[in-house]
A.B. asks: 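My structure is below; once you've seen it, I'll send some questions.
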Amino acid sequence: MNNYLIKGATLVNEQEQFEADVLIKGGVISVIDRSCSLESHDGESMIDGAGKYLLPGAIDDQVHFREPGLTHKGEIYTEARAAVAGGVTSYMEMPNTSPSATTVDLLEEKYARASEVSLANYSFFMGTTNDNLNELLKLDPTQVCGVKIFMGSSTGNMVIDNPESLENIFAQVKMLIATHCEDDPMIKRNMAEYVEKYGEDIPVEAHPLIRNAEACYASSTLAVSLAKKHNSRLHILHISTAKELELFDGNKPLKEKRITAEACVHHLWFTDADYKTKGNFIKWNPAVKTANDRMNIREALNNGKIDVIATDHAPHTIEEKSQKYAKAPSGGPLVQHSMVAMLELVREGVLTIERMVQLMSHNVAELFQIEKRGFIREGYFADLVLVDLNNPWTVDKSNIAYKCGWSPFEGQTFHSKIEKTFVNGHIVYDNGVWDELQKGMRLTFER
């Protein structure tokens, strides 16, 4: 394992910006020296950080890497490789693979595979079904990020449609419960109306009208009511509407919250006006909605109602996304471009870089109680990203790392560029070159 001395970078950490030297030894942050007076004594490799920004690696709490069973779309190897190219050093992956990760044995198979191929650190959610409560109760909360409930159907068929099962999960599962909230019967009624009107030629612009704000709000309201009834630890994923924000408390410190919320990059970037040019390639569940919804979600980044930013990275092939609306699957690849997209919002004044780091790193670590990650602190794992904030580049197929080979950001010029990504002190990505000698680690949780 190599040791490094990063000289004179501008650190963004715990609501501060300051120049410092950072010494990395044995995979952890050994010394942070604000006087910038460190010198190499033990043969550390020197890295000139002058003019660059050093950030904690992003921790993405919602990705779909498609392995096992859907590997024509993506694999743990390919998507984790794309993640580190984007400054994402740790991820939490969802259970709707094939087979779905709804038993401890199936979940551990995913962990075993990641240990062999993942360049980023990893954790995996256990999936819930109408009848797997006993499996959920076997989980070790120090070793697994949480359990996932699909309260509305998405990719796969894991929706919980038995009210008694839903009640039992909220009542008995003591670890974090993450939910996809859309009201399935409401969506099916809306879909039937559009099929009657358009047949097979439903325009993609109808997507946010079929999977509408009412469906999101109804389901999120149910989840919040169950969590309050049973004092559950609830985390609602991918908030897409202004109305849902009424359900969250922006005044409590994160450590005191039992109910938290996530916003995703696509809901912070796109609006329903973009369907005209992007079509199914911005078809997600929940749907990208109005400019007013986007504005309110952006405001919630700063008022405490949104606690973390993630991607819901969910690749599909170009061929799959090019089908007619009803057949084209929902989801898209984002994990390589999440940090640079959010740095663009920083540039536009939507949020500060300190707040961005809090939402993409600090808060994720605190919310999930991740051990020794998410901050630039002495003794913590050296999961770090060196960024040039003034090095414009344009997304095109030649620089996309996703297995599916496309991005909804194609043609977009970003002003910031990820130069180096450190995972456990190892430079796994360096200006377009990956070093795959060292794999990531399983995340552990202080619970």
A.B. asks: Check for me whether the distance between the ring centres of Tyr275 and Phe281 falls short of 6.0 Å.
C.D. replies: no
A.B. asks: Taking the six-membered ring where the residue is Trp, are the ring centres of Phe170 and His230 under 6.0 Å apart?
C.D. replies: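 No.
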A.B. asks: Between Lys439 and Glu116, is the salt bridge (Lys or Arg N to Asp or Glu O under 4.0 Å) condition met? List the steps.
C.D. replies: CA-CA 7 Å; Lys439 302 302 185 287; Glu116 297 170 347; over 6 Å; no
A.B. asks: Is it the case that the side chain of Glu262 and the backbone of Ala310 share a donor-acceptor pair, with hydrogens and angles ignored and the cut-off at 3.5 Å?
C.D. replies: no
A.B. asks: State, without any angle test, whether His64 and Glu93 hold a side-chain donor-acceptor pair at a distance under 3.5 Å.
C.D. replies: no
A.B. asks: Can Thr142 and Asp140 be counted as having a side-chain donor-acceptor contact under 3.5 angstrom?
C.D. replies: yes
A.B. asks: Short question: side chain of Lys420, backbone of Val387 - any donor-acceptor pair under 3.5 Å?
C.D. replies: no
A.B. asks: With rounding to the nearest 0.5 angstrom, report the CZ to CD1 distance, Phe375 to Ile370.
C.D. replies: 9.5 Å
A.B. asks: Checking side-chain polar atoms at under 3.5 Å, does Thr317 have a donor or acceptor matched by the opposite partner on Glu320?
C.D. replies: yes
A.B. asks: Examine Lys283 relative to Tyr325 and say whether NZ or CZ is less than 6.0 Å from the centre of the six-membered ring and inside a 45° cone about the ring axis.
C.D. replies: yes
A.B. asks: Does Lys278, at its NZ atom, have more than 12 non-hydrogen atoms belonging to other residues, nucleotides or ligands within less than 6.0 Å?
C.D. replies: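 Count over threshold, so yes.
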A.B. asks: Measuring from Ile149:CD1 to Ile177:CD1, what's the distance to the nearest 0.5 Å?
C.D. replies: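 That separation rounds to 5.0 Å.
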A.B. asks: Does a donor on one side chain sit under 3.5 Å from an acceptor on the other, for His72 and Arg66?
C.D. replies: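 Side-chain D/A pair, His72 to Arg66: absent.
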A.B. asks: Donor-acceptor pair, Asn13 side chain versus Ile376 backbone, under 3.5 Å?
C.D. replies: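 Looks like yes, one N/O pair under 3.5 Å.
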A.B. asks: Is the distance between the ring centroids of Tyr91 and Phe65 under 6.0 Å?
C.D. replies: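 Yes, they do, as the ring centres are separated by less than 6.0 Å.
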A.B. asks: Do the side chain of Ser123 and the main chain of Met92 share a donor and acceptor less than 3.5 angstrom apart?
C.D. replies: no
A.B. asks: Ignoring hydrogens and angles, state whether a donor on the side chain of Ser240 or Lys289 is under 3.5 Å from an acceptor on the partner side chain.
C.D. replies: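 Indeed, the side chains of Ser240 and Lys289 share at least one donor-acceptor pair under 3.5 Å.
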A.B. asks: So, Thr241 side chain and Glu244 main chain: donor-acceptor pair closer than 3.5 Å or not?
C.D. replies: yes
A.B. asks: Could you walk me through whether Ile427 and Asp435 pass the side chain to side chain contact (heavy atoms under 4.5 Å, CB included) check?
C.D. replies: CA-CA 7 Å; Ile427 300 179; Asp435 183 340; over 6 Å; no
A.B. asks: So for atom CD, which belongs to Glu200, do other residues, nucleotides or ligands contribute more than 12 heavy atoms lying within a distance under 6.0 Å?
C.D. replies: no
A.B. asks: Might you confirm whether atom NZ of Lys197 has over 12 heavy atoms from other residues, nucleotides or ligands at distances under 6.0 Å?
C.D. replies: no
A.B. asks: Please check: side-chain N/O of Asn121 versus main-chain N/O of Leu443, any donor-acceptor pairing under 3.5 Å?
C.D. replies: no
A.B. asks: Should the pair Lys255-Glu366 be classified as a salt bridge under the 4.0 Å nitrogen-to-oxygen rule?
C.D. replies: no
A.B. asks: Would you confirm whether Trp393, through its side chain, and Ser416, through its main-chain N or O, come within 3.5 Å as a donor-acceptor pair?
C.D. replies: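 Yes: the side chain of Trp393 pairs with the backbone of Ser416.
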A.B. asks: For the atom pair CG (Leu343) and CG (Leu55), what is the distance rounded to the nearest 0.5 Å?
C.D. replies: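 Answer rounded to 0.5 Å: 6.5 Å.
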A.B. asks: Taking atom types as modelled, find out whether Asp396 and Thr394 have a side-chain donor-acceptor pair closer than 3.5 angstrom.
C.D. replies: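 Side chains of Asp396 and Thr394: no pair found under 3.5 Å.
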A.B. asks: Less than 4.0 Å between a side-chain N and a carboxylate O, is that true for Glu214 and Lys243?
C.D. replies: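 No, this pair does not count.
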A.B. asks: Would you say Thr260 and Asp307 are linked by a side-chain donor-acceptor pair, where the criterion is simply a distance under 3.5 Å?
C.D. replies: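 Not at all, the side chains of Asp307 and Thr260 share no donor-acceptor pair under 3.5 Å.
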A.B. asks: Do Glu371 and Thr444 have a side chain donor and acceptor closer than 3.5 Å?
C.D. replies: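 Thr444 and Glu371 do have a side-chain donor-acceptor pair below 3.5 Å.
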A.B. asks: Rounded to the nearest 0.5 Å, what separation is found between the OG atom of Ser90 and the CZ atom of Arg373?
C.D. replies: 5.0 Å
A.B. asks: Using a 3.5 Å distance criterion without hydrogens, assess whether the side chain of Arg211 forms a donor-acceptor pair with backbone atoms of Met191.
C.D. replies: no
A.B. asks: Has the side chain of Ser407 got a donor or acceptor atom that lies under 3.5 Å from a matching backbone atom of Phe409?
C.D. replies: yes
A.B. asks: Report the C-alpha separation of Asp293 and His267 in whole Å, then their side-chain angles, then the decisive distance to 0.1 Å, and conclude whether the side-chain hydrogen bond (donor to acceptor under 3.5 Å, both in side chains) test is met.
C.D. replies: CA-CA 8 Å; Asp293 289 310; His267 295 123; over 6 Å; no
A.B. asks: I need the single residue from Gln15, Arg355, Glu354 that forms a side-chain contact (heavy atoms from CB on, under 4.5 Å) with His362. Which is it?
C.D. replies: Gln15
A.B. asks: Asn285 and His207: side-chain donor and acceptor closer than 3.5 Å?
C.D. replies: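 Asn285 vs His207: donor-acceptor pair found between side chains.
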A.B. asks: Between Thr129 and Asp131 (side chain of the first, backbone of the second, donor and acceptor by atom type, cut-off under 3.5 Å), is there such a pair?
C.D. replies: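 Looks like yes, one N/O pair under 3.5 Å.
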A.B. asks: Within the 3.5 Å criterion, strictly below it, is a donor on His316 or Lys73 matched to an acceptor on the partner's side chain?
C.D. replies: yes
A.B. asks: Would Lys305 and Glu246 count as a salt bridge (Lys or Arg N to Asp or Glu O under 4.0 Å) if you check the C-alpha gap in whole Å, the side-chain angles of each, and the deciding distance to 0.1 Å?
C.D. replies: CA-CA 9 Å; Lys305 291 193 172 186; Glu246 301 169 5; over 6 Å; no
A.B. asks: Looking at Lys417 and Asp388, does any basic side-chain N land under 4.0 Å from a carboxylate oxygen?
C.D. replies: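 Result for this pair is no, no salt bridge flagged.
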A.B. asks: Could you tell me whether Arg442 sits above the aromatic face of Tyr111, with NZ or CZ closer than 6.0 angstrom to the six-membered ring centre and within 45 degrees of the axis?
C.D. replies: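 The answer is yes; both the distance and angle limits are met.
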A.B. asks: Check for me whether Lys372 meets the cation-pi criterion with Tyr380, that is, NZ or CZ under 6.0 Å from the six-membered ring centre and within 45 degrees of the ring axis.
C.D. replies: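 Judged by the rule, Lys372 and Tyr380 form no cation-pi pair.
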A.B. asks: Taking C-beta and beyond as the side chain, do Lys228 and Ile259 meet within less than 4.5 Å on heavy atoms?
C.D. replies: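 With C-beta onward as the side chain, the pair touches.
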A.B. asks: Are Tyr429 and Glu419 close enough, and set up right, to give a side-chain hydrogen bond (donor to acceptor under 3.5 Å, both in side chains), and what steps lead you there?
C.D. replies: CA-CA 8 Å; Tyr429 177 81; Glu419 289 204 350; over 6 Å; no
A.B. asks: Any luck finding a side-chain donor-acceptor pair between Thr78 and Glu75 under 3.5 Å?
C.D. replies: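 Judged by distance alone, the side chains do not pair up.
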A.B. asks: Parallel, tilted or perpendicular: which describes the rings of Tyr194 and Tyr198, with under 30° parallel and over 60° perpendicular?
C.D. replies: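 Parallel: the ring planes of Tyr194 and Tyr198 meet at under 30°.
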A.B. asks: Is the positively charged end of Arg81 above the ring of Trp434, judged by distance under 6.0 angstrom from the centroid and angle within 45° of the axis?
C.D. replies: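 Yes.
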A.B. asks: Taking atom CD as the centre, does Glu164 end up with more than 12 heavy-atom neighbours from other residues, nucleotides or ligands that are less than 6.0 angstrom away?
C.D. replies: no
A.B. asks: For the residue pair Glu135 and Thr103, confirm or rule out a side-chain donor-acceptor distance under 3.5 Å.
C.D. replies: no
A.B. asks: Cut-off 3.5 Å, side chains only: do Glu182 and His180 have a donor facing an acceptor?
C.D. replies: yes
A.B. asks: Quick one: pull up CD in Glu256 and CG in Asp249 and give me the separation to the nearest 0.5 Å.
C.D. replies: 9.5 Å
